[in-house]
Amino acid sequence: MVSKCEMRSTEQLAAANPSATPTKSNKRLGKHTHWLTTFLQAMLLMVLANFAQAAGNLTATVDRNKIGIDETLNLRLRYTGDESGGQPDFELLEQDFDILSRQQSNQYRVINGHAESFVEWMLTLAPKREGNLFVPSLHYKGEVSDAIPVIVTEAGSGPGADNRQAFLEVELDKERLYVQEQLLVKVRLYTTIGLHDIATEPLQIPGAHIEKVDEQRYERRINGVAHAVYELTYAVFPESSGELTIPALNYVAIAGRRDPFSLFNRNSQRLRLRSQPKTIEVQPKPDTYSGTHWLPAASLGIVQSWSQDPKTFTVGEPITRIVTLRAEGLRAAQLPPLPKLNVEGLKTYPDQPQQDDQADLNGITGSRTETTAIVATKPGDYQLPPITLTWWDTKTGRQRATQLPAFRFTVSGSATATMPQQPGATPDLIPGATATTAAPSVIQSNFWRNLAIAALASHLLWLLYFLRRRNVQPENSSATKKQPNANQQARNLEKAAETGDPATIQQATLNWLRARWPEIPASGLEEASRQLGFEELEKLQGLLDAALYATPPKLLNRQQVVTLVGRLLKRERSRELNREIDKPLPDLFA
């Protein structure tokens with residue numbers, strides 16, 4: 001009964017609401033609604049996926065987590081997302097690793113209908129130290145990668161390591177040394193494989209002077225295996241005592257065959273080779289050392305040579321003395337100057353010293369050469385003092401001394417003549433000479449020569465007196481005949497000074513002096529300068545002697561010569577204005 005009533009009520013409701021009954025159109029509408037809902041859900045998932053992709057993702061990976069200190073590893077850093085330029089900050093990475101190479105690539109690919117784009121950086125890293133290191137977390141566009149642990153072990157044991165195809169070796173030639181002493185450091189690259197594009201790191205040590213002295217390539221067999229060796233030798237000079245550290249050196253090379261027709265050389269491999277640091281003790285100068293200059297050397301010698309045979313040494317003629325100081329294991333800048341010559345009767349004209357460093361397998365050999373032109377002003381026997389240098393023998397570890405013996409020679413010829421002096425005046429002798437050393441024959445020769453000059457001068461004075469009394473005009477005409485010659489020689493001297501040639505200037509000066517003061521029996525500028533007492537002439541004579549007698553000749557300062565000649569001629573013209581022409585040497589005939 002109840003079920004029938006329920007069924008009836010249902011039929012009545014269906015009759016009262018015909019739309020409530022399912023029809024074909026209602027079924028079709030339900031299907032469209034379901035499809036639309038599914039489509040909207042799929043679109044929503046795609047949008048969410050795009051948002052997730054736009055947010056990006058940064059990942060870091062390495063090809064291995066355990067390497068030796070002399071090995072490298074590859075770091076791959078990938079960013080998936082919207083890339084619009086720039087790159088991560090690798091500053092933190094460089095605290096523990098050297099970045100040997102860095103490459104960047106942008107890629108877009110579709111896999112099974114799924115599109116993917118990313119940017120990737122490939123870095124070759126070399127560890128700076130041993131221990132447990134980390135590739136730090138890197139940042140890019142708000143994303144952070146994970147840190148990666150890397151274990152760095154020590155390098156192989158050395159040349160005896162059979163499994164090492166390439167390695168570095170550093171060798172020192174001594175276990176301890178003194179300050180400023182030479183230390184030879186040899187850096188060798190061993191390899192059993194083909195290496196090319198080797199980038200070497202120069203040796204740099206704070207507080208030391210370093211010079212590369214040798215470079216060699218050869219072959220050496222180690223445990224029966226042939227190794228190609230590339231060797232560099234450095235000379236190191238520590239500037240202070242204490243502990244000297246030879247830092248670890250890093251070499252980068254490419255291993256494998258290089259294909260010139262390939263842009264990528266995929267068969268090649270980049271290697272980073274690292275040496276072990278070394279420490280050596282640098283001792284201060286010994287307290288027992290008594291030398292004036294600290295010279296730690298393996299050997300030291302002094303040699304002397306002459307431009308000509310000293311046996312032919314004559315008065316007034318220059319001869320050149322060449323002294324060379326050579327030291328093995330010292331630079332030329334460390335060698336001291338030699339003592340100056342100060343011998344009575346000798347004038348010296350030293351030249352600028354010449355310094356030279358020669359490099360070979362034994363390091364640096366420094367040399368210092370001093371050249372001096374010597375002019376004797378009087379005959380006699382001379383002796384050049386010995387030259388003694390104290391130095392420290394680094395081979396035997398004791399103080400030694402090297403001496404150039406004293407040198408004796410004889411100067412022939414006659415001394416430069418002296419001029420008569422005023423009564424009571426001190427005789428004007430050649431510098432370095434004394435009245436007791438003059439030879440009697442020389443004094444007698446000077447006496448008769450001076451007497452002849454005085455007699456000739458008196459005859460000339462009498463002749464001028466008679467000519468003045470007879471006719472004034474002949475005197476004037478004779479004066480005008482003499483004066484143009486001196487004026488012409490003065491103009492010639494000015495022109496010679498402009499040329500800058502020392503020989504031409506010297507000859508022009510002598511011609512002018514002889515034309516202006518024919519009474520002076522001068523055979524050279526030195527004698528004329530002494531008799532006249534002109535400061536300008538003395539300076540000019542010194543410049544010309546240095547330019548003519550020094551070996552090699554000194555460069556003549558043309559402007560200085562022109563100034564001295566101008567002042568000399570001006571002095572002479574002022575004497576003419578003061579009417580002192582008739583007394584060119586006021587004290588000569590007193």
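Interatomic distance, CG of Leu203 versus CG of Leu232, reported as 9.5 Å (0.5 Å rounding). For the atom pair CD1 of Ile364 and CZ of Arg331, the computed distance is 8.5 Å after rounding to the nearest 0.5 Å. Atom CD of Gln308 sits about 4.5 Å away from atom CD1 of Ile319, to the nearest 0.5 Å. Once rounded to the nearest 0.5 Å, the distance linking CD1 of Ile280 with CD1 of Ile246 reads 7.0 Å. Atoms CD and OG1, from Gln541 and Thr509 in turn, are 10.5 Å apart once rounded to the nearest 0.5 Å. Once rounded to the nearest 0.5 Å, the distance linking CG of Asp501 with CD of Gln506 reads 10.0 Å.
Put simply, the side chain of Glu181 never gets that close to the backbone of Pro296: no donor and acceptor are under 3.5 Å apart. When atom types are taken as modelled, the side chain of Thr377 and the backbone of Gly345 share a donor-acceptor pair closer than 3.5 angstrom. In this structure, the side chain of Gln403 does not engage the main chain of Pro386 through any donor-acceptor pair within 3.5 Å. When atom types are taken as modelled, the side chain of Trp391 and the backbone of Ala327 share no donor-acceptor pair closer than 3.5 angstrom. With hydrogens and angles disregarded, no donor-acceptor distance shorter than 3.5 Å links the side chain of Asp214 to the backbone of Leu361. Asp98 places no side-chain N or O within donor-acceptor distance of the main-chain N or O of Leu100, the cut-off being under 3.5 Å. In this structure a side-chain-to-backbone donor-acceptor pair under 3.5 Å is present from Tyr289 to Thr390. Panel note: side chain Gln304, backbone Leu404; no donor-acceptor pair is recorded below 3.5 Å. Checked by atom type and distance alone, the side chain of Ser275 pairs as donor or acceptor with a backbone atom of Leu249 at under 3.5 Å. Formation of a donor-acceptor pair under 3.5 Å by the Thr402 side chain with backbone atoms of Leu300 is found in this model.
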Fill in: Steps toward side-chain contact (heavy atoms from CB on, under 4.5 Å) verdict (Asp360, Val213)
CA-CA 6 Å; Asp360 55 21; Val213 297; over 6 Å; no
Worksheet item: Could you go step by step and tell me if Leu183 and Asp173 meet the side-chain contact (heavy atoms from CB on, under 4.5 Å) rule?
Response: CA-CA 7 Å; Leu183 172 68; Asp173 71 328; 3.2 Å; yes
Practice prompt. With salt bridge (Lys or Arg N to Asp or Glu O under 4.0 Å) as the test, would you mind laying out the steps for Glu536 and Lys570 before giving the verdict?
Written response: CA-CA 11 Å; Glu536 296 83 0; Lys570 183 178 179 181; over 6 Å; no
Discussion item. Between Glu344 and Lys378, is the side-chain contact (heavy atoms from CB on, under 4.5 Å) condition met? List the steps.
Written reply: CA-CA 10 Å; Glu344 184 180 1; Lys378 64 176 183 179; 4.3 Å; yes
Worksheet entry | Stepwise side-chain contact (heavy atoms from CB on, under 4.5 Å) test for Asp96 and Lys128 | CA-CA 5 Å; Asp96 291 330; Lys128 292 183 177 180; 5.7 Å; no
Item to complete: Mind running side-chain hydrogen bond (donor to acceptor under 3.5 Å, both in side chains) on Ser299 and Glu328 for me, showing each step along the way?
Response: CA-CA 5 Å; Ser299 64; Glu328 181 183 350; 3.2 Å; yes
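For Arg220, the CZ atom counts as densely surrounded, since its 6.0 Å shell holds more than 12 non-hydrogen atoms of other residues, nucleotides or ligands. Under a cut-off of 6.0 angstrom, the local environment of CG in Asn342 is sparse, with at most 12 non-hydrogen atoms contributed by other residues, nucleotides or ligands. The environment of Glu538 atom CD is sparse: at most 12 non-hydrogen atoms of other residues, nucleotides or ligands sit within 6.0 angstrom. Annotation: Lys174, atom NZ; neighbour count of heavy atoms from other residues, nucleotides and ligands within 6.0 Å is above 12. When the shell of 6.0 Å around CD of Glu219 is examined, it contains more than 12 heavy atoms from other residues, nucleotides or ligands. Within a 6.0 Å sphere centred on CD of Glu215, other residues, nucleotides and ligands contribute more than 12 heavy atoms. The local environment of CD in Gln383 is crowded, with over 12 non-hydrogen atoms from other residues, nucleotides or ligands closer than 6.0 Å.
Between Leu346 and Leu341, every side-chain heavy-atom pair lies at or beyond the 4.5 Å cut-off. Residues Thr372 and Thr320 fail the side-chain proximity criterion, which asks for heavy atoms closer than 4.5 Å. Leu195 places none of its side-chain heavy atoms less than 4.5 Å from the side chain of Tyr230. Side chains of Tyr349 and Pro318 form no contact here, defined as non-hydrogen atoms less than 4.5 Å apart. Side-chain atoms of Pro336 and Thr292, non-hydrogen and from C-beta on, never get closer than 4.5 Å to each other. Using a 4.5 Å heavy-atom cutoff, the side chains of Gln276 and Lys278 are not in contact. Side-chain contact between Leu544 and Ile505 is present, with at least one heavy-atom pair separated by less than 4.5 Å. By the 4.5 Å heavy-atom criterion applied to side chains, Lys285 and Ser241 are not counted as neighbours.
The shortest non-hydrogen separation linking Arg129 to Val152 is O-CG1, 3.4 Å. The heavy-atom pair separating Thr388 from Ala401 by the smallest distance is CG2-CB, 4.4 Å. Minimum heavy-atom separation, Asn362 to Gln182: O-NE2, 3.0 Å. Considering every non-hydrogen atom in both Leu564 and Leu540, the closest pair reads CD1-N, 3.8 Å. Contact detail for Ile387 and Pro339: the closest heavy-atom pair is CG2-CD, 4.0 Å. Taking both residues in full, the closest heavy atoms of Gln334 and Gln180 are given as NE2-O, 3.4 Å, listed atom of the first, atom of the second, then distance.
Of the candidates Glu231, Glu169, His227, Glu169 is the only one forming a side chain to side chain donor-acceptor pair (under 3.5 Å) with Tyr190.
Ser290 and Gln399 share a side-chain donor-acceptor pair at under 3.5 Å.
Using a 4.0 Å cut-off between charged side-chain N and carboxylate O, Lys186 and Glu171 make no salt bridge. Under the 4.0 Å criterion applied to side-chain N and carboxylate O atoms, Asp381 and Arg408 are not assigned as salt-bridge partners.
Checked against ring-ring contact (aromatic ring centres under 6.0 Å, His included), Tyr382 has the following partners two or more places apart in sequence or in another chain: Phe409.
Annotation: Trp306 is not in aromatic contact with Phe313 [ring centroid separation under 6.0 Å not met].
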